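Please read the structure below before turning to the comments.
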Amino acid sequence: MENKSVHWADITAEKIIREKGAKEQYTCASGITPSGTIHIGNFREIISVELIVRALRDQGKNVRFIYSWDNYDVFRKVPKNMPKQEELATYLRKPIIMVPDPWGKEESYARANERAVEEVLPIVGINPEYIYQADKYRVSEYAQGIRTALEKREVIRSILDEHRTSPLADDWWPVSVFCSACNLDETKVTGWDGEWKVTYACSACGIEETVDLRESAVVKLPWRIDWPMRWKHEGVDFEPAGKEHHSAGGSFDTAKQIMAAVYGGQAPVTFKYDFIRIKGGGGKISSSTGEVISLSQVLEIYQPEIVRYLFAGTRPNSEFAISFDLDVLKIYEDYDRAERVYFGKETISARRADKEKRTYEFSQVHSVPEEIPFQVPLRHLTTILQIHSGDIERTLKALEVPEEDKARIRVRANCAWAWLRKYAPEDFRFSLNFTGEGAGKLDDAGKKVVTLLIEEVNRLEKHDEKSLAESLYDIAGKAQIDPKELFKLVYQVLIGKDKGPRLASFIYTVGKEKIVSILNSVV
């Protein structure tokens, strides 16, 4: 496309190239501690980086996309949505990598949380290179980075103290230690020999020990120092962070200073991303409290392209909500409109069109289709699905979906059915009432309405939707019944409810044979 700079991902990619200069390879990074369910708020960082990676690659750049699992962090709190709470609590203050999987499937709790993400990300077209920090620390890959922090202890102290209400203690050290005997981090560094050896004492088990950074896995850097050390180690050019990290004096501020003063480099290009809410629920979602919605749960309702569309179409610094209510219908409509705009089937203003087209490109899991795919509006799809009692194959047949589009529409149909079962308002749901029992015993006026309607439906091929809708009002007049009462009566007969889909359209969609069969059952 021409003029891709209207999209925030392209603007950021251009900034990276401008600030980092010409490079053989640009490194974009993301990461998290697998301390609980990786929720859709965490996913915002992952997909934000992936969109920047795509934007850089579209400019012909070679890009490395790394995702760090900080699985050597301390296990600080048991999330409320985890099983075996008491057992997990016995591992608090140990490395997360040492906590057992409460589901009994993986080698650790950390690995269970990691795999849950690694298995779902390819569905939305995200395939980073994973880095497992426990592995790095355990082979002493960061020994030099740790020693550098020890050598620049006072420099780091002064940087951190700038943003603290009270200064760090005189005996503070820029490292933490997991006890080699009990694995807890209830330790205190008592000395450093000026080179590779660190001495510590454990208050939990009483051990005192001197370890060599080049041979021992127990010494690690705390977050504010670990982050810039890894920027230097991996040569990171871009990494975003949540707004809590970007607050004044927050971890990005201090990491940037430590990167320059201790590790001799420049911080990566960054931006801050905002929180995500769940429509109908207030506040920030959180792994620690267990109040989370995972990417897998979102994919139950939104097809992968539309998940990407939600994030690609929203600037990262804007808070937004993942909706599971009637907004779902509008979000699908918005995506379908963007698709029509992309393929020239719908016209909007030039600038909006440029943005929508680029957002549509970013929304694709793989490449953009060569021609516009077969479209089925979600609202219509929910009606057809319910007519066929959720039978997706019969639904595809009724919609006459082309063979090449069936896989994609099948995904949309599964999402639509899941939404109907789990989140759709009650008055949106229906099932055809082949017994007619929902209407109760009809009076003479009711029977006349049904008899007249049967006559009209038997002539369905002579109607279009508009003329059929007009005939419904004619029937109300002939039966001397208020049109509102007519609609209520017919809905009760057909679906056992007072309200339903637009009636004329619904009758057309269900078809003459089924409608007449239901109507005949009550007269």
Side-chain angles (χ1 to χ4, degrees), residues 325-330 332-333 336 375-391 394-401 413 416-417 419-421 424-523:
D325 57 10
L326 282 170
D327 285 353
V328 170
L329 300 176
K330 182 183 183 302
Y332 271 84
E333 288 168 5
D336 289 348
Q375 288 194 340
V376 183
L378 192 73
R379 184 184 292 271
H380 182 55
L381 184 54
T382 60
T383 300
I384 305 298
L385 275 167
Q386 291 183 93
I387 288 170
H388 294 287
S389 304
D391 188 319
R394 285 169 59 205
T395 298
L396 297 183
K397 185 176 180 181
L399 289 166
E400 299 180 349
V401 179
W417 189 244
W419 179 74
L420 283 166
R421 287 183 293 112
E426 184 57 38
D427 61 6
F428 203 91
R429 303 172 189 167
F430 68 85
S431 58
L432 290 176
N433 182 16
F434 285 102
T435 65
E437 292 176 0
K441 187 172 177 62
L442 297 181
D443 59 16
D444 289 342
K447 288 179 180 179
K448 188 169 185 179
V449 166
V450 173
T451 301
L452 290 169
L453 184 55
I454 289 171
E455 292 176 9
E456 292 299 330
V457 175
N458 274 322
R459 296 197 296 268
L460 199 59
E461 62 276 0
K462 295 183 179 181
H463 278 295
D464 57 22
E465 277 189 33
K466 183 179 179 182
S467 66
L468 181 60
E470 290 170 351
S471 74
L472 295 173
Y473 288 92
D474 293 338
I475 291 170
K478 290 175 184 177
Q480 296 183 325
I481 185 173
D482 186 284
K484 289 182 180 178
E485 290 302 312
L486 178 144
F487 286 111
K488 180 178 178 181
L489 169 68
V490 176
Y491 285 129
Q492 281 288 351
V493 171
L494 296 178
I495 61 175
K497 294 190 172 214
D498 290 344
K499 296 179 180 180
R502 189 180 299 241
L503 188 54
S505 174
F506 183 64
I507 290 170
Y508 255 95
T509 302
V510 175
K512 178 167 68 175
E513 184 179 333
K514 287 180 180 177
I515 293 291
V516 170
S517 174
I518 296 171
L519 294 175
N520 275 328
S521 72
V522 297
V523 293

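These numbers were taken from a predicted model, which means no experiment stands behind them.
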* Asked: Hey, is the main chain of Leu329 close enough, under 3.5 Å, to the side chain of Arg379 for a donor-acceptor pair?
  -> no
* Do the side chain of Glu456 and the main chain of Ser471 share a donor and acceptor less than 3.5 angstrom apart? -> no
* **Thr509: side-chain contact (heavy atoms from CB on, under 4.5 Å) partners, not counting sequence neighbours** => His380, Thr383, Ile384, Ile387, Ser505
[X] [atom1] to [Y] [atom2] distance, which is reported to the nearest 0.5 Å:
X: Leu472; Y: Ser467; atom1: CG; atom2: OG; value: 10.0 Å
X: Thr395; Y: Leu381; atom1: OG1; atom2: CG; value: 7.0 Å
X: Glu465; Y: Leu460; atom1: CD; atom2: CG; value: 9.5 Å
X: Leu519; Y: Asn458; atom1: CG; atom2: CG; value: 9.5 Å
X: Ile475; Y: Ile481; atom1: CD1; atom2: CD1; value: 11.0 Å
X: Leu494; Y: Asn433; atom1: CG; atom2: CG; value: 8.0 Å

* To do: Keeping to residues at least two apart or across chains, list the ring-ring contact (aromatic ring centres under 6.0 Å, His included) pairs with something in residues 491-512.
  => Phe430-Phe506
[X]: what forms a side-chain hydrogen bond (donor to acceptor under 3.5 Å, both in side chains) with it, not counting sequence neighbours?
X: His388; value: Arg394
X: Glu461; value: Lys512
X: Ser517; value: none
X: Lys514; value: none

* To do: Report yes if some heavy atom in the side chain of Leu486 is under 4.5 Å from a heavy atom in the side chain of Leu453; otherwise report no.
  => no
* Asked: Got a sec, which pairs hit salt bridge (Lys or Arg N to Asp or Glu O under 4.0 Å) with one end in residues 482-504, sequence neighbours left out?
  -> Glu426-Lys497
* Please assess Phe428 against Leu326 for the test side-chain contact (heavy atoms from CB on, under 4.5 Å), listing each intermediate value before the final yes or no. => CA-CA 9 Å; Phe428 203 91; Leu326 282 170; 3.9 Å; yes
Which heavy atom of [X] sits nearest to which heavy atom of [Y], and what is that distance?
X: Leu385; Y: Trp417; result: CD1-N, 3.8 Å
X: Ala416; Y: Leu378; result: CB-CD1, 3.6 Å
X: Gln386; Y: Leu420; result: NE2-CD2, 3.6 Å
X: Ile495; Y: Leu432; result: CG2-CD2, 4.3 Å

Show the atom names and distances, to 0.1 Å, of all donor-acceptor pairs under 3.5 Å that link a side chain in residues 442-451 to residues at least two apart or in another chain.
from, atom 1, to, atom 2, distance (Å)
Asp443, OD1, Ala445, N, 3.3
Asp443, OD1, Gly446, N, 2.7
Lys448, NZ, Lys478, O, 3.2
Thr451, OG1, Lys447, O, 2.8

